[in-house]
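This chain uses plain numbering: 1 for the first residue, then up along the sequence.
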Amino acid sequence: MAGVTITTIIPVAGRRDWLSDTYHEFEYFTQQPTASLSDMVFGFLEESEGLPQNVSSEEECRKIENLVEDEEKENIGNVDENKSFWENQHQLLQDTICRTTSLESRIRSATKEALIEIQTENSVCACGRPLASGCRDCLMGEVSGRLRNAGYNSAICKSKWRSSPDIPSGEHKFLDVIENSSSKKGEVRVIIELNFRAEFEMARASEDYNRLVRRLPEVFVGKVERLSSLIKILCSAAKKCMKQRKMHMGPWRKQKYMQAKWLSACKRTTSTPLLSMGYSSPLPKPRASMLTEDLLEKLSNVHSTAVEVL
């Protein structure tokens with residue numbers, strides 16, 4: 001019970017009192033009242049969570065208020081910084097896309113015309129699928145062939161790179177046009193990517209990043225320098241997006257990986273377009289039996305002579 005003091009005799013090892021020269025076999029200990037579990041728990045919390053004696057509760061409150069104010073200022077600063085970053089990325093993207101040369105404009109126009117013709121003609125590739133919405137390889141081959149027919153040195157390019165500590169290995173296919181008409185500028189290379197916007201789309205991206213990607217053209221036609229600038233802008237935006245969302249950025253989203261797709265060493269291949277116009281199936285090959293073939297061979301060697309009939 002709460003107010004009762006219990007005295008218990010507990011045997012201990014015998015000891016000698018050297019001052020009084022007496023020997024004690026038992027000692028008496030006073031046992032305190034038994035505390036309940038709740039008293040023990042809350043007592044422990046009160047002792048451990050209590051404020052230091054030299055710090056008052058008012059001083060502690062002021063410290064907490066200062067921390068909250070600093071955090072709010074930091075958040076406001078981050079909002080302003082993020083807004084400035086995305087506005088700058090939009091402006092850089094707009095400036096890069098709008099700048100163009102006469103060569104890029106001509107190749108872009110020829111590429112657009114080829115894609116429209118393929119779509120309106122309902123062309124079918126050698127795989128038996130519609131070119132406009134089916135086989136990517138056959139579509140690139142057809143567009144490249146039509147560009148060559150228009151007088152451009154176009155080819156299908158396949159880049160391939162090895163893994164490194166920063167990025168994994170991979171390969172990518174795209175088109176290019178090499179122009180040698182200007183002796184002063186030398187060889188000029190124009191990259192054509194038929195699925196450019198999709199190369200930068202991310203499933204869990206922020207709205208700021210998605211809004212930036214939506215401004216990209218679906219089909220990119222531009223020189224290597226312009227493509228390199230766009231890659232830098234988009235990869236920087238992707239890095240910022242992942243940081244804001246506190247997510248890990250995959251190595252295939254990094255700038256080095258995206259550059260390897262279009263700017264690393266590649267193999268150029270030219271191929272003639274293999275397609276049939278419309279959805280009509282090819283004419284069936286005539287089938288002949290062995291009897292028919294033997295009869296035709298014999299008849300070819302027979303010479304008939306006119307006979308007068310009486």
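- To the nearest 0.5 Å, the span separating CG on D176 from CG on L147 amounts to 10.5 Å.
- Proximity of H90 to L212: side-chain heavy atoms (C-beta onward) are separated by under 4.5 Å at one or more points.
- Between F200 and F196, the ring planes are perpendicular. Angles over 60° get that label, and only those under 30° would be called parallel.
- Between D208 and R211 there is a salt bridge, since at least one side-chain N of the basic residue sits less than 4.0 Å from a carboxylate O of the acidic one.
- Residues E218 and N195 are in side-chain contact: their nearest non-hydrogen atoms beyond the backbone lie under 4.5 Å apart.
- Ionic pairing of R146 and E121 is present here: one or more N-O contacts between side-chain nitrogen and carboxylate oxygen are shorter than 4.0 angstrom.
- Counting non-hydrogen atoms of neighbouring residues, nucleotides and ligands closer than 6.0 angstrom, the NZ atom of K240 exceeds 12 such neighbours.
- Between D137 and K173, some side-chain heavy-atom pair lies under the 4.5 Å cut-off.
- In this structure, CE on M242 lies 9.5 Å from CD on Q244, to the nearest 0.5 angstrom.
- Under a hydrophobic clustering in which Ile, Leu, Val, Met, Phe, Trp and Tyr are joined whenever their side-chain heavy atoms come within less than 4.5 Å, directly or via other members, L227 and L93 fall into the same cluster.
- For the pair A110 and Y152, the tightest heavy-atom approach, listed with the atom from each and the gap, is CB-CE1, 3.9 Å.
- No side-chain heavy atom of L175 sits less than 4.5 Å from a side-chain heavy atom of T111.
- Here the side chains of R99 and T96 are in contact, with some heavy-atom distance below 4.5 Å.
- Here the rule is side chain to side chain donor-acceptor pair (under 3.5 Å) with K261, and of H172, E199, E171, E193 only E199 fits it.
- Annotation: the span from N153 atom CG to R189 atom CZ amounts to 11.0 Å, rounded to 0.5 Å.
- Remark: of the listed residues L234, I231, I233, I231 is the sole one forming a side-chain contact (heavy atoms from CB on, under 4.5 Å) with Q255.
- Atom SG of C241 is separated from atom CH2 of W86 by 5.5 Å, given to the nearest 0.5 angstrom.
- Proximity of R268 to C157: side-chain heavy atoms (C-beta onward) are separated by under 4.5 Å at one or more points.
- Looking only at side-chain heavy atoms (C-beta outward), K158 and T269 stay at 4.5 Å or farther from each other.
- Within a 6.0 Å radius of CZ in R214, more than 12 heavy atoms belonging to other residues, nucleotides or ligands are found.
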